[in-house]
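So the structure is just underneath, and the comments pick up after that.
Letters A, B, ... mirror the listed sequences (proteins, then strands); counts begin at 1.
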Number of protein chains: 2
Amino acid sequence: MTAEIHPLDDAVAESSHRRPPSISDVARSAGVSVATVSRVLRDHPDVRSATRRLVQQAVQDLHYRPSSLARALVTGRSRMLALLVSDIANPFYPQLARCIEREAAASGYTLVICSTDDDPAESVRYLNRLMAYGLDGIIHASVGEDEAELLDAAPDLPIVFTNRRPASSDVSFVVSDHRRGARRLTKHLLDLGHRHIGFIAGPSHASNANERLLGFDQAMKATPDARSSVIRGGFDPSSGRAAVREWLAQGDRPTAIIGVNDSLTIGALESLIEARLRVPEDISIAGFDDVWLASSPIVGLTSVAQDIDELGRRSMQILLEALTAPRGRPVRQVLRSSLQIRKTTGPVPPQHRK
Amino acid sequence: MTAEIHPLDDAVAESSHRRPPSISDVARSAGVSVATVSRVLRDHPDVRSATRRLVQQAVQDLHYRPSSLARALVTGRSRMLALLVSDIANPFYPQLARCIEREAAASGYTLVICSTDDDPAESVRYLNRLMAYGLDGIIHASVGEDEAELLDAAPDLPIVFTNRRPASSDVSFVVSDHRRGARRLTKHLLDLGHRHIGFIAGPSHASNANERLLGFDQAMKATPDARSSVIRGGFDPSSGRAAVREWLAQGDRPTAIIGVNDSLTIGALESLIEARLRVPEDISIAGFDDVWLASSPIVGLTSVAQDIDELGRRSMQILLEALTAPRGRPVRQVLRSSLQIRKTTGPVPPQHRK
DNA sequence: ATGAAAGCGCTAACAC
DNA sequence: GTGTTAGCGCTTTCAT
């Protein structure tokens with residue numbers, strides 16, 4: 001392959017920093033108009049196949065790459081999507097993110113993951129920043145109290161909520177049946193003989209946390225001699241640790257503990273271990289989400305599993321539909337969760353039996 | 001607040017879908033030219049403060065938001081950065097990502113996190129996709145064999161490697177002193193009396209993994225009666241499990257195991273537990289990175305800690321400099337790692353003492 | 001089937 | 001100080 005010589009081409013080796021080729025460079029090189037190049041690039045049928053090949057050749061030769069920027073500017077669609085999560089360090093979210101990422105890429109969309117810390121201001125800041133880039137849509141999986149602000153910062157932006165149920169009634173969502181899951185888990189503990197169960201509840205603004213608490217309450221209320229203790233906090237391991245410390249300090253600790261998610265529950269478990277309590281002989285503990293670590297033999301945490309992949313797949317699918325069909329009816333889906341019983345829950349210790 | 005009436009304004013309630021205001025709308029509303037509006041937006045000094053206020057008022061009234069898209073198209077800078085990671089589900093990366101995200105946002109940059117699976121094709125695909133959006137720079141923290149491809153897919157793009165040392169000599173990087181860390185960890189085990197140490201090495205293409213292996217080898221070679229077994233694999237927990245299974249199957253297992261990262265090591269630990277081996281009484285085990293889970297009392301894994309936050313801060317700082325100063329000399333930094341001794345490493349069991 | 005031309009929303013000369 | 005204007009790289013009528 002020998003280099004051709006272009007006599008008197010303007011800018012022959014003129015500068016070491018040559019700008020990337022534009023569509024008009026391709027057009028010139030192929031001897032056609034920019035419109036034709038544009039058609040070829042978008043697989044428009046009205047192009048003679050000879051012309052098409054000509055253009056494709058020029059594209060190759062020049063290593064031409066179309067500018068999504070310019071394209072987005074003129075079409076008004078950036079093919080860029082955002083996923084809002086509470087905290088990418090909570091293992092539930094990477095799993096969701098990877099799944100959604102894959103789906104998005106398969107449909108030609110680029111996904112930007114935003115860790116909001118459940119701070120509404122941060123959510124809105126992110127959203128505004130991305131809207132300036134022409135963001136096409138959002139999957140909202142974080143649980144901060146940002147729904148109203150978000151919805152009116154971007155009234156016309158397709159959005160689907162997942163992991164949390166939106167308050168507004170005309171927004172699409174996919175969630176797990178948190179309440180039912182909580183009921184089943186609570187029932188499991190009651191069946192094991194526990195009559196004093198602690199619930200580490202997470203922040204009161206989070207709808208998924210509240211539904212889980214609700215399910216717990218329902219199951220407990222249905223059992224006359226059962227007694228519950230609820231402690232509020234955050235979603236992270238340190239909140240779990242704090243809750244356990246509080247129960248231990250006050251002397252009258254529950255014989256079983258439910259944490260509102262696995263991340264927090266693992267923190268609680270840490271504190272139990274530090275306090276030399278044996279799990280489940282002295283105390284039982286269980287969580288929600290069934291993240292990878294929960295199922296690991298190291299921890300073996302009893303947990304209410306969400307079908308994270310299905311959550312991701314469906315929310316992406318709903319968003320894609322909203323993206324093409326402008327104003328469809330909101331889609332509302334609830335997925336089954338499943339109770340995974342492992343080694344952190346066992347019968348109530350003898351001395352606490354009635 | 002009563003609504004004003006705009007008689008005969010064009011497009012009065014003409015459609016429910018009004019397009020967002022552009023800079024020329026603002027200009028018209030403020031009674032100035034677009035150039036002046038642009039100046040105000042960019043804090044250009046050559047604007048009378050009265051005019052400035054006028055414009056700012058119009059911006060507020062119209063809820064105007066400048067289009068980063070258009071801006072990027074004309075300036076050639078998108079203020080968008082990418083972080084390439086191997087696998088966002090490996091807890092090392094979210095920690096790094098959050099730190100870098102924060103730094104980026106503080107400098108007005110938006111960060112896109114890309115999980116490459118250490119697949120070069122995936123890296124390049126991501127990069128191309130983002131370059132079409134005018135990506136300004138990259139922090140490369142994934143360890144796939146993609147260096148050459150990446151570097152010539154984007155020869156002029158500022159890039160800094162972190163977590164891995166690039167082969168090319170004129171690329172900036174910040175890494176931890178993996179080799180020294182490995183030597184210290186190995187020495188710790190040798191001091192405990194271990195003479196047969198297994199190393200689960202990760203993929204052979206990963207430079208950080210190789211440096212850790214190198215450090216291990218150095219320390220082992222310096223001890224005449226010490227014997228090592230090395231098993232190659234991936235970076236994830238299942239590779240750790242596979243390695244342990246192999247050692248157990250072949251009967252002559254090491255008395256101590258080092259995993260090339262914590263994620264993999266935790267997998268190995270799982271298999272030890274399943275095999276009813278007591279840690280550290282029967283066998284010792286340790287890893288690298290010191291992710292949060294390693295330091296948790298549940299696991300309490302001995303680990304060589306990287307200063308992840310510092311890694312993030314510095315790589316961002318180097319990238320920012322490269323972004324402003326076009327062609328500076330490459331920056332090469334090596335950070336200290338520190339050995340965290342916890343409860344998974346202990347003296348060699350009596351029957352294995354010489 | 002192809003081309004010419006008008007923008008998309010902005011910045012950056014350059015004029016006044 | 002402020003306005004005019006020519007693009008940035010593309011898509012999209014509308015002609016031909």
Worksheet entry | Whole-Å gap separating C1' (dC10(D)) and NE2 (His44(A)) | 16 Å

Discussion item. If you assign Arg48(B) and Pro20(A) each to the DNA chain D nucleotide with the nearest heavy atom, which residue ends up on the more 5' nucleotide?
Written reply: Arg48(B)

Discussion item. Reading DNA chain C from 5' onward, which residue's closest nucleotide shows up sooner: Val34(A) or Pro45(A)?
Written reply: Pro45(A)

Worksheet item: Looking at side-chain heavy atoms only, is the closest gap between Val171(B) and Phe161(B) below 4.5 Å?
Response: yes

Worksheet item: Is the shortest distance from a Lys or Arg side-chain nitrogen in Arg125(B) or Glu122(B) to a carboxylate oxygen in the other one below 4.0 Å?
Response: yes

Fill in: Under 4.0 angstrom between Ser38(A) side-chain N/O and dT11(D) OP1 or OP2
yes

Fill in: d(CZ, Arg77(B); C1', dC10(C)) in whole Å
16 Å

Discussion item. Can you tell me if Thr51(A) touches the phosphate of dT2(C), counting only side-chain N or O atoms and a distance under 4.0 Å to OP1 or OP2?
Written reply: yes

Worksheet item: Within less than 4.0 Å of OP1 or OP2 of dT12(D), is there a side-chain N or O belonging to Arg42(A)?
Response: yes

Worksheet entry | Length of the CZ-P vector between Arg79(B) and dT11(C), whole Å | 12 Å

Practice prompt. Consider the side chain of Leu73(B), meaning its heavy atoms from C-beta on, and name the nucleotide among dC10(D), dC10(C), dC8(D) that approaches it most closely.
Written response: dC8(D)

Worksheet entry | Ser24(B) side-chain N/O to dG9(C) phosphate OP1/OP2 under 4.0 Å | no

Worksheet entry | OP1 or OP2 of dG3(C) under 4.0 Å from side-chain N/O of Thr36(A) | yes

Practice prompt. Check each of Arg314(B), Glu310(B), Gln317(B) against Gln333(B) using the side chain to side chain donor-acceptor pair (under 3.5 Å) test, and report the only one that passes.
Written response: Arg314(B)

Item to complete: Could you work out which one of dG3(C), dG9(D), dT2(C) sits closest to the side chain of Ser22(A)?
Response: dG9(D)

Worksheet item: Given that Val47(A) and Pro66(B) both sit by DNA chain C, which one's nearest nucleotide is further toward the 5' end?
Response: Val47(A)

Item to complete: With Ser142(B) as reference, evaluate Asp119(B), Thr116(B), Asn163(B) under the side chain to side chain donor-acceptor pair (under 3.5 Å) test and give the passing residue.
Response: Thr116(B)

Item to complete: Answer yes or no: does a side-chain N or O of Thr75(B) lie under 4.0 Å from OP1 or OP2 of dT11(C)?
Response: no

Worksheet item: Yes or no on side-chain contact (heavy atoms from CB on, under 4.5 Å) for Leu111(A) and Glu103(A), after CA distance, side-chain angles and deciding distance?
Response: CA-CA 10 Å; Leu111(A) 187 74; Glu103(A) 300 286 318; over 6 Å; no

Item to complete: Quickly work out the Tyr133(B) OH to dC10(D) C1' distance and round it to whole Å.
Response: 13 Å

Worksheet item: Between dG3(D), dG9(D), dG3(C), which nucleotide has the shortest distance from any of its atoms to the side chain of Arg39(B)?
Response: dG3(D)

Worksheet entry | Nearest listed nucleotide, side chain of Asp46(A), among dA1(C), dT11(D), dA4(C) | dA1(C)

Item to complete: Respond yes when some side-chain nitrogen or oxygen of Arg52(A) is under 4.0 Å from OP1 or OP2 of dA1(C), and no when none is.
Response: no

Worksheet item: Does the side chain of Ser67(B) get closer than 4.0 angstrom to OP1 or OP2 of dG9(C) through an N or O atom?
Response: no

Item to complete: Calculate the interatomic distance between Ile23(A) atom CD1 and dT12(D) atom P; express it in whole Å.
Response: 11 Å

Item to complete: Return the value, rounded to whole Å, for the distance between atom CG of Leu69(B) and atom C1' of dT11(C).
Response: 14 Å

Worksheet entry | Length of the line joining Tyr64(A):OH and dG9(D):P, which is rounded to integer Å | 10 Å

Worksheet item: Can any side-chain N or O of Asp118(A) pair as donor or acceptor with the backbone N or O of Ser86(A) at less than 3.5 Å?
Response: no

Worksheet item: For the pair made of CZ in Arg71(B) and C1' in dC8(C), what is the distance, rounded to whole Å?
Response: 16 Å

